[in-house]
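Side-chain atoms are counted along with the backbone in the values below, which use heavy atoms only and exclude waters and symmetry mates.
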Amino acid sequence: MTDYETVVGLEVHMQINTKSKVFCECSTQFGAEPNSNTCVICTSQPGAIPILNKKAVETVVKTGLALDFTISKQCTFARKQYFYPDVPKNYQITQSEPPLCSRGKLAITVGGKEKIINITRIHLEEDAGKLVHEIGSKKLDYSLLDLNRAGVGLMELVTEPEITSQYEALEFLKELKNIVEYLGTSECSMEEGKMRCDVNVSIRPTEQKELGTRVEIKNMNSISGVRDAIAYEVERQKEVLDSGGKLTQETRLWEAEEGITKPMRSKESALDYRYFPEPDLVPFNLPDSFIEELQKQVLELPRARKARFIKDYGLSKYDADYLTSTRMVADYYEEALNVLKDKNHDSLPGNFVTAAKLLANWISTELNAKLNASKTCIAEAPVSSQNLTKLVSLILDGTISGKIAKTVFEEMYEKSADPEKIVKEKGLVQISDEPAILRICEEAISESPKAVAEFKSGKERAIGAIVGLVMKKSKGKANPQLVNKILLEKLKA
């Protein structure tokens with residue numbers, strides 16, 4: 001059996017975040033009635049002339065700047081010839097040479113090790129329409145054509161063949177998706193077709209420098225699907241070669257339900273597309289001021305934000321990973337932190353970092369669990385960042401205990417309620433009056449002779465039973481720290 005090295009290159013199409021299509025004024029709204037967002041330009045009627053959307057160029061350039069690309073000041077377009085039912089013109093307006101963005105890079109972390117993946121290019125192009133082969137669960141024996149997507153702007157990102165496993169591909173796509181969503185240049189919803197990925201997979205003997213025969217895989221609608229398709233295809237190619245067979249350059253489809261790839265067609269080469277300059281779009285140059293202004297709009301990206309959260313707020317890597325996993329979550333956290341700063345929690349024991357950690361814990365555990373269970377994104381969470389801050393403040397200033405806070409949180413999530421009102425209306429204020437707690441502790445000690453004897457014989461865990469009785473007598477309102485302090489003083493006396 002030969003040892004093989006996996007070589008993967010990715011072609012990622014991301015729908016740019018513009019309200020209108022790239023060469024006409026038709027809406028890019030998802031889910032509209034079929035063929036309702038169309039005009040003479042995107043349906044390619046005779047004599048219709050494309051007009052370039054400036055926002056589309058800005059979007060691609062901004063993405064390129066965030067990924068350390070060299071930006072071409074020359075903007076040109078080409079016709080890519082191919083014949084398919086969902087391509088009205090029988091060609092696609094795209095960019096050949098030069099693309100808007102050349103030679104970028106993206107850092108990923110796999111197995112605790114960082115790796116830089118070089119990216120060949122990002123270019124701007126128009127999308128094709130969509131062929132519909134089923135309505136609901138009913139399979140059709142014919143195809144329907146929806147041209148709403150035809151002419152929607154895409155940025156296509158092409159990596160170098162430097163990815164060596166399905167895990168690296170997974171991390172690359174997750175990192176890319178996060179960065180682009182942070183920038184706001186694409187929504188990257190794979191469910192809505194706003195992020196699509198074609199994967200080029202080949203294997204070669206470990207001692208061989210020349211690349212093996214490349215197979216392109218299409219039809220993947222999730223990042224995990226990309227991972228699984230690569231894993232399957234690598235094993236398939238190994239079996240072919242180890243059995244003495246020969247691989248052919250082809251395009252294959254990923255069948256997620258079966259977990260296999262299937263042949264689709266032989267792969268076209270670049271020559272088959274017969275690129276030539278688009279005669280209806282005149283080349284033009286991007287001024288330096290245009291690029292400089294977009295550079296100013298590239299703010300803090302996920303990796304930098306995560307490092308800052310760990311450094312400034314003392315967060316664990318786990319919490320920082322989750323809190324920067326999307327821009328919405330990171331913004332929610334920092335909005336809440338700003339309210340905490342206004343409440344001047346620096347003066348609390350353990351200072352502001354204590355508050356920052358506690359808030360992070362509530363978001364990454366309690367709130368995250370609720371959001372996952374209800375399949376809700378944090379932007380639609382019934383608990384606002386301001387209300388979560390109020391809850392954390394009630395814990396920090398000793399008004400309620402952590403246990404009471406969980407009860408309060410349940411009602412906050414269910415009714416979008418203010419925690420301060422819940423605590424007041426239900427009389428949930430924590431008892432921190434030492435004489436009152438002392439009396440309850442003395443009662444609990446006198447009623448727990450067995451636990452007292454076990455504690456004094458060296459079984460310190462026995463104190464838990466007495467603590468539980470105190471909390472029961474106080475209806476969960478006794479300050480836990482004060483309870484433990486008083487019980488230890490009494491039992492060790």
At their closest point, which heavy atom of S446 faces which heavy atom of P449, and how far apart are they? O-CD, 4.0 Å

Note: N387 and A417 closest approach over all heavy atoms is ND2-O, 3.4 Å

Calculate, to the nearest 0.5 Å, the distance between atoms [atom1] and [atom2] belonging to [X] and [Y] respectively.
X	Y	atom1	atom2	result
S448	I445	OG	CD1	8.5 Å
I378	T326	CD1	OG1	7.0 Å
E293	K62	CD	NZ	10.0 Å
M14	M155	CE	CE	4.5 Å

Does [X], at its [atom1] atom, have more than 12 non-hydrogen atoms belonging to other residues, nucleotides or ligands within less than 6.0 Å?
X	atom1	result
K130	NZ	no
Y167	OH	no
E442	CD	yes
E114	CD	yes

Between [X] and [Y], does any side-chain N to carboxylate O distance fall below 4.0 Å?
X	Y	answer
E425	K421	no
K115	E171	no
K21	E126	no

For S20 and N53, test the side chains for any donor-to-acceptor distance below 3.5 angstrom and give the result as yes or no. yes

For a quick check under 3.5 Å, do E380 and T376 share a side-chain donor-acceptor pair by atom type? no

Are T324 and R308 close enough, and set up right, to give a side chain to side chain donor-acceptor pair (under 3.5 Å), and what steps lead you there? CA-CA 10 Å; T324 56; R308 178 169 63 82; over 6 Å; no

Result for side chain to side chain donor-acceptor pair (under 3.5 Å) between E187 and one of K177, K194, Q15 points to K194

For Y313 and Y333, take the angle between the two ring planes, folded into 0 to 90°, and tell me which bin it lands in: parallel under 30, tilted 30 to 60, perpendicular over 60. perpendicular

For E420 and K424: C-alpha separation, side-chain torsions, deciding distance, then whether salt bridge (charged side-chain N to carboxylate O under 4.0 Å, His left out) applies. CA-CA 6 Å; E420 293 174 347; K424 185 177 180 182; over 6 Å; no

Identify whether NZ of Lys or CZ of Arg in K370 sits under 6.0 Å from the centre of the six-membered ring of Y413 and within 45° of that ring's axis. yes

Short question: side chain of Q237, backbone of V201 - any donor-acceptor pair under 3.5 Å? yes

Give the intermediate values and the outcome of side chain to side chain contact (heavy atoms under 4.5 Å, CB included) for residues W254 and K218. CA-CA 6 Å; W254 170 242; K218 292 181 175 290; over 6 Å; no

